Asker: 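Pasting a structure below so you can have a look.
Only this structure's heavy atoms are used, side chains among them; waters, hydrogens and symmetry mates stay out. On a predicted model such as this, the values are computed, not experimentally measured, just so you know.
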Amino acid sequence: QVQLVESGGGSVQPGGSLRLSCVASGSAFSRANMRWYRQAPGKQREWVALSSTVGFTTYPESVKGRFTISRDNSKNTVYLQMNSLKPEDTAIYYCNAQIGVNLYWGQGTQVTVSS
């Protein structure tokens, strides 16, 4: 079983920045594809970043150029650096680990962007 704990959320003004962290338990972190998702009230869960086991990163068009995913395997931690934040980025952000066909989720951390 894998436990994921997100942190770093908060409230910022448009144009501001936040850095989210997700710490994973266990020894399988280096074998995990790590993703960030977000979900706003009344909306479907949306994928926002991928960091693969072989070092690839990719993003959807909605956040490309503003968000950066990174990982430190020695610390079992994945990060999401969010710059140039917009009100539409407001959501609960979730960390996800994929190990083989198994998926694990964190509890989420709230990000609010408003003036």
Side-chain angles (χ1 to χ4, degrees):
Q1 188 62 235
V2 175
Q3 307 289 140
L4 303 173
V5 180
E6 302 98 333
S7 63
S11 183
V12 298
Q13 295 185 1
S17 297
L18 283 173
R19 193 188 199 199
L20 307 182
S21 299
C22 173
V23 180
S25 67
S27 61
F29 184 80
S30 64
R31 306 198 309 271
N33 292 311
M34 300 299 299
R35 294 176 172 89
W36 287 95
Y37 290 81
R38 66 188 182 188
Q39 188 165 26
K43 293 189 176 182
Q44 194 171 357
R45 182 179 57 193
E46 177 189 21
W47 164 74
V48 296
L50 164 68
S51 175
S52 78
T53 59
V54 293
F56 297 149
T57 61
T58 190
Y59 312 87
E61 188 66 27
S62 59
V63 307
K64 190 176 298 182
R66 300 188 298 119
F67 289 12
T68 303
I69 189 171
S70 61
R71 66 196 294 167
D72 185 341
N73 287 343
S74 71
K75 296 181 178 180
N76 275 20
T77 302
V78 63
Y79 306 94
L80 185 67
Q81 177 67 46
M82 304 184 294
N83 299 325
S84 301
L85 284 163
K86 306 173 180 179
E88 50 262 46
D89 295 319
T90 296
I92 300 175
Y93 283 70
Y94 297 93
C95 179
N96 171 271
Q98 178 195 352
I99 304 174
V101 299
N102 298 123
L103 298 176
Y104 305 91
W105 295 91
Q107 83 291 340
T109 185
Q110 177 71 48
V111 171
T112 302
V113 185
S114 66
S115 58

Asker: Identify the two heavy atoms, one from Gly8 and one from Thr109, that lie closest to each other, and give their separation to 0.1 Å.
Answerer: N-OG1, 4.3 Å
Asker: Using the test side chain to side chain contact (heavy atoms under 4.5 Å, CB included), find all partners of Ser11 that sit at least two apart in sequence or belong to another chain.
Answerer: Thr112
Asker: With sequence neighbours excluded, what pairs up with Arg66 under the salt bridge (charged side-chain N to carboxylate O under 4.0 Å, His left out) test?
Answerer: Asp89
Asker: Show your working on side chain to side chain contact (heavy atoms under 4.5 Å, CB included) between Asn96 and Arg45 and close with a plain yes or no.
Answerer: CA-CA 12 Å; Asn96 171 271; Arg45 182 179 57 193; over 6 Å; no
Asker: Going only through I, L, V, M, F, W and Y residues with side-chain contacts under 4.5 Å, is there a path from Val78 to Leu103?
Answerer: no
Asker: What are the two closest heavy atoms between Ala32 and Ile99, and how far apart are they?
Answerer: CB-CG1, 3.7 Å
Asker: For the CD1 atom of Ile69 and the CZ atom of Phe56, what is their distance to the nearest 0.5 Å?
Answerer: 14.5 Å
Asker: Enumerate the residue pairs fulfilling side-chain hydrogen bond (donor to acceptor under 3.5 Å, both in side chains) with a member in residues 18-36, sequence neighbours excluded, ordered by first and then second residue.
Answerer: Arg35-Gln98
Asker: Would a 4.5 Å heavy-atom cut-off, applied to side chains only, mark Met82 and Leu20 as touching?
Answerer: yes
Asker: Is it the case that the side chain of Asp72 and the backbone of Thr77 share a donor-acceptor pair, with hydrogens and angles ignored and the cut-off at 3.5 Å?
Answerer: no
Asker: What are the two closest non-hydrogen atoms of Ser17 and Ser84, and how far apart are they?
Answerer: OG-N, 4.3 Å
Asker: Does atom CD of Gln13 have more than 12 heavy-atom neighbours, drawn from other residues, nucleotides or ligands, at distances under 6.0 Å?
Answerer: no
Asker: If you compare all heavy atoms of Ala91 against all heavy atoms of Ala40, which two are closest, and at what distance to 0.1 Å?
Answerer: CB-N, 3.8 Å
Asker: Under the disulfide (SG to SG under 2.5 Å) rule, what pairs show up with a residue in residues 86-115, not counting sequence neighbours?
Answerer: Cys22-Cys95
Asker: Write out all pairs satisfying side-chain hydrogen bond (donor to acceptor under 3.5 Å, both in side chains) with one or both partners inside residues 52-65, taking only residues at least two apart or from two chains.
Answerer: Glu46-Ser62
Asker: Group every Ile, Leu, Val, Met, Phe, Trp and Tyr by side-chain heavy-atom contacts under 4.5 Å, then state whether Val12 and Val48 land in the same group.
Answerer: yes
Asker: Nearest 0.5 Å, please: how far is CE in Met34 from CG in Leu50?
Answerer: 10.0 Å
Asker: Is there a side chain to side chain contact (heavy atoms under 4.5 Å, CB included) between Asn102 and Val2? Walk through the geometry before answering.
Answerer: CA-CA 10 Å; Asn102 298 123; Val2 175; over 6 Å; no
Asker: Going by the ring-ring contact (aromatic ring centres under 6.0 Å, His included) test, which pairs reach into residues 76-115, not counting sequence neighbours?
Answerer: Tyr37-Trp105
Asker: Just how far is it from atom CG of Asn76 to atom CD of Gln3, taken to the nearest 0.5 Å?
Answerer: 12.5 Å
